[in-house]
Number of protein chains: 2
Amino acid sequence: MAIPLPGRQVRGSTTGKPIMALLDLLGRTWSLGIIWHLHTGPATFRELQQRCEKISPTLLNTRLKELKTLQLIESQASGYQLSQQGIDLFAIISPLGSWSLQWAQALKEESKL
Amino acid sequence: MAIPLPGRQVRGSTTGKPIMALLDLLGRTWSLGIIWHLHTGPATFRELQQRCEKISPTLLNTRLKELKTLQLIESQASGYQLSQQGIDLFAIISPLGSWSLQWAQALKEESKL
DNA sequence: CACCATGCTACAAATACTGTAGCATGGTGT
DNA sequence: ACACCATGCTACAGTATTTGTAGCATGGTG
């Protein structure tokens with residue numbers, strides 16, 4: 001699957017709008033998960049594999065390449081880590097952590113009724 | 001694919017943590033896109049199809065069911081719309097819109113070098 | 001009753017992802 | 001120098017997901 005570059009046509013949208021490229025990227029299996037798990041600090045390939053529990057090396061590598069091309073992560077001697085852009089992106093999505101807790105709670109309440 | 005319920009094992013994680021269920025959900029093709037496009041207001045099935053440009057009706061319907069089960073959207077006479085939870089979730093991710101613009105700009109600058 | 005729009009399903013083809021095996025490279029110890 | 005191990009990553013076949021097109025069922029309108 002082609003890397004979703006802003007300005008280009010991407011999966012699901014022909015407009016080239018950056019947000020569409022971003023939604024395409026984040027909508028791919030494991031993209032969000034990798035960013036999420038990398039936020040706890042740099043990780044080697046194998047360690048990242050473990051943080052992600054069940055990702056196949058094939059896909060991990062594919063996603064890493066995409067994320068690297070799109071400058072959300074970078075690889076250093078210490079392994080892979082979020083780039084400054086990646087950190088900024090994570091800052092936006094990090095509230096999802098606590099939001100998910102109250103969401104889970106709400107679903108639980110609902111199912112009691 | 002089973003609907004990613006918080007508390008259950010989901011694609012990519014066995015821990016049952018709500019955030020993992022959420023990442024699984026949002027990581028599915030078009031989930032984010034549907035939420036994004038619904039934020040501009042309620043839409044009928046066919047209208048939502050058009051907002052999403054290229055989604056197949058099969059998948060649109062599948063996602064709508066998931067999002068409805070997970071209480072992020074609800075269907076009314078006026079069509080589908082974000083639920084209160086969906087609105088809250090959108091509030092978190094909405095900065096992605098402007099973030100994507102500067103990200104696109106940065107990528108463009110980079111490619112000039 | 002013909003005509004049209006809408007919500008949605010069917011189903012086969014195309015695409016993406018998984019899982020296991022294992023190769024290539026670069027240490028470390030002897 | 002050589003066996004031994006860990007790491008980053010690729011190969012590839014099997015499986016799951018997504019797309020695309022066609023079209024059915026229902027309800028409203030003239």
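Chain naming here is simple, since letters A, B, ... match the order of the sequence lines and numbering starts at 1 in each.
- Taking the nucleotide of DNA chain C with the nearest heavy atom to each of A:A2 and A:R46, the more 5' of the two is matched to A:A2.
- Checking side-chain atoms of A:R11 against main-chain N and O of A:A21 turns up no donor-acceptor pair under 3.5 Å.
- Here the P atom of nucleotide C:dC17 and the CD1 atom of A:I55 are 10 Å apart, to the nearest Å.
- Using bins of under 30°, 30° to 60° and over 60° for the plane-to-plane angle, the ring pair A:F90/A:H39 lands in the parallel bin.
- Between the side chains of B:R51 and B:T40, at least one donor-acceptor pair of N or O atoms lies under 3.5 Å.
- For C:dA16, the OP1/OP2 oxygens have no side-chain nitrogen or oxygen of B:T29 closer than 4.0 Å.
- Look at D:dG30: its Watson-Crick or wobble partner, with both distances under 3.5 angstrom, is C:dC1.
- A donor atom on one side chain and an acceptor atom on the other are found under 3.5 Å apart for B:T14 and A:E53.
- Taking atom CZ of A:R28 as the reference point, atom P of D:dT17 lies 18 Å away to the nearest angstrom.
- The separation between B:E47 atom CD and C:dC8 atom C1' is 17 Å, rounded to whole Å.
- Projected onto DNA chain D by closest heavy-atom contact, B:K54 and A:Q49 fall at different nucleotides, the more 5' of which corresponds to A:Q49.
- Residues A:W103 and B:L72 have side chains in contact (heavy-atom distance under 4.5 Å, counting atoms from C-beta outward).
- Within residues 58-82 of chain A, the residues that have a heavy atom under 4.0 Å from DNA chain D are, in order of number, A:T58, A:N61, A:K65, A:Y80.
- No donor-acceptor distance shorter than 3.5 angstrom exists from the side chain of B:S31 to the backbone of B:G27, with no hydrogens or angles considered.
- The nearest whole Å value for the distance from the CZ atom in B:F45 to the C1' atom in C:dA5 is 14 Å.
- Under 3.5 Å, the side chains of A:Q102 and B:Q85 contain a donor-acceptor pair of N or O atoms.
- When the C1' atom of C:dA16 is taken as reference, atom CH2 of A:W30 falls 16 Å away, rounded to whole Å.
- If you check D:dA1 for Watson-Crick or wobble pairing at under 3.5 angstrom, you find it paired to C:dT30.
- Taking a pair to require two hydrogen-bonding distances under 3.5 Å in either a Watson-Crick or a G-U wobble arrangement, D:dC9 pairs with C:dG22.
- Rounded to a whole Å, the CG atom of B:L48 is 12 Å from the C1' atom of C:dG7.
- Among D:dT17, D:dT7, D:dT10, the nucleotide with an atom closest to any side-chain atom of B:M1 is D:dT17.
- In this structure, the CD1 atom of A:I34 is 11 Å from the P atom of C:dC17, given to the nearest Å.
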